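This report concerns only the one structure given below.
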Amino acid sequence: MTTLRQEFSVSYSYAVHFTEGLFELTNPLLREVVQEGMDLTIPFRSKIAFVVEAEIAKHHPALVNSIRQYCDAQLPGALSSAGIIEVPGGEYSKNTPAILQRLYDFLHDEKICRHSYAVVIGGGALIDAVGYAAATTHRGVRLIRVPTTVLAQNDAGIGVKNSVNAYGKKNFIGTFAPARAIINDSYFLRSLPQRDWLAGIAEAVKVSLIKDPMFFAYLEKHAEELLRRDMPTMQYVIHRCAQLHLDHISRGGDPFELGSSRPLDFGHWAAHKIEALSGHAIRHGEAVAIGIELDATYSHFAGLITDEDLSRITTLFDALGFSTWRDHLSLLVEGERLENALGEFKEHLGGVLTITLLQRIGAGVDVHEIDTKRMRQAVEAVRGLPRTAPEMADQAA
Ligand SMILES: NC(=O)c1ccc[n+]([C@@H]2O[C@H](COP(=O)([O-])OP(=O)(O)OC[C@H]3O[C@@H](n4cnc5c(N)ncnc54)[C@H](O)[C@@H]3O)[C@@H](O)[C@H]2O)c1
Ligand SMILES: [Zn+2]
């Protein structure tokens, strides 16, 4: 018997930029990002193809024209051979194989090569779907993500994963493929419905709970400003949340999730299941908020966190308007669903169940066993909490 061993490592580096008005004619950022990655030894010009979420184009009717004008001014020639399509976004884009096919058709018809760029402008769901299409076209074309929701700017759009849903399961098909760059433009957040403005904050609460008690305290202190859509506060929350996610990916020791520990998925085993069971009537962030309340309550029942810490968590979610969604937990306890959900999660992890719980505010802890009776009690405890919807700010401008 003989063995040949192959070994090499590849390092990744990408920037997450923060700007306002990406397609203003005087904003050099997109040109700089594209030029930075240009291979000057290639005799032809890179092309750029834009995938714009239809909902964004609806709220920002001048956008498509602005992109064309920007490219003419800052990237002459780039758009002459590539184009712009509008596609529906939201979870529908991850659930619908015909959308994925449209994305492949577009990248094919526009002749996007491995030195050209696909730019996706949309929420976390469309970003996941386009990321998957880009990562599997020619085994990977260059992707620039322009996330347009809070959740996509602070979490979904800045990491290394892409996916679509299949077999009624979230993210069943996907890749690990970092983007070339991410550009967070706060201008897009102005048109977000209040629901989506708030939903993304759940991921900030999540990462603060497992990594940063000071950030959790900041969220407690500024919940009211967030509720009334104070943009500088939201910009800080997005920036800090993104930084904590990026730090975990680069320094956590497992960027491509080869092991079973997934601290950034705190609260997510239940959240993913509830999203699917609700027929995606509940947003990812909303499901994450109740998933966190559930696992925090279980942590308390397991003697890990104090009553006071648990109460700080549920009070914060109350203040941010998430209490409305608590009833959706009932979806998880019908029949054997809870046991099945934990079983599926274990299967997804490759056989070893690993769930992050809370040791205290700011520190997660992995456990490998869940007492399902205690988990059912936790579900009932969260469902029994009040639903005190705070006074909402006006809808999007
Ligand atoms: N890849 C990852 O690492 C990762 C991490 C977390 C979440 N996710 C995925 O991200 C998705 C959730 O992302 P999301 O919360 O952005 O949801 P989403 O993409 O479904 O967007 C929410 C809603 O906002 C609309 N919208 C988007 N931008 C808008 C804007 N600027 N103005 C007005 N409306 C706008 C969308 O059309 C949609 O109706 C889920 O599919 C989740 O699984 C992926
Ligand atoms: Zn999430």
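Position 1 is the first residue of the sequence, and the numbers go up from there. Counting starts at 1 for both ligands and their atoms, in listed order. This is a predicted model, so every value here is computed, not measured.
For ligand 1, the polar-atom distance check against I56 finds no nitrogen or oxygen pair separated by under 3.5 Å. The distance criterion of under 3.5 Å between nitrogen or oxygen atoms is met by E53 with respect to ligand 1. For ligand 1, the polar-atom distance check against K94 finds a nitrogen or oxygen pair separated by under 3.5 Å. At least one N or O atom of E91, backbone or side chain, sits closer than 3.5 Å to an N or O atom of ligand 1. Taking any N or O of A125, backbone or side chain, at least one lies under 3.5 Å from an N or O belonging to ligand 1. Residue N162 has no nitrogen or oxygen atom sitting less than 3.5 Å from a nitrogen or oxygen atom of ligand 1, judged on distance alone.
Annotation: atom 28 (N) of ligand 1 to nearest protein heavy atom, T148 OG1, 2.8 Å. Among protein heavy atoms, atom 16 (O) of ligand 1 sits closest to T149 OG1, 2.5 Å.
In summary, the atoms of ligand 1 found under 4.0 Å from a heavy atom of K170, numbered by their order in the structure, are 40 (C), 41 (O), 42 (C), 43 (O). Listed by number with element, the atoms of ligand 1 under 4.0 Å from a non-hydrogen atom of P193 are 33 (C), 34 (N). If you number the atoms of ligand 1 from 1 as listed, the ones under 4.0 Å from a heavy atom of G123 come out as 16 (O), 19 (O). Which parts of ligand 1 touch K161 is read off a 4.0 Å heavy-atom cut-off, strictly below it: atoms 1 (N), 3 (O). Those atoms of ligand 1 with a heavy atom of S191 less than 4.0 angstrom away are 30 (C), 31 (N), 32 (N), 33 (C). Within ligand 1, the atoms closer than 4.0 Å to a non-hydrogen atom of H59 are 33 (C), numbered from 1 in the order shown. Proximity to G90 (heavy-atom distance under 4.0 Å) selects the following atoms of ligand 1: 20 (O). Listed by number with element, the atoms of ligand 1 under 4.0 Å from a non-hydrogen atom of E55 are 34 (N), 37 (O).
Between F18 and H239, the ring-plane angle classifies as tilted under the 30° and 60° cut-offs.
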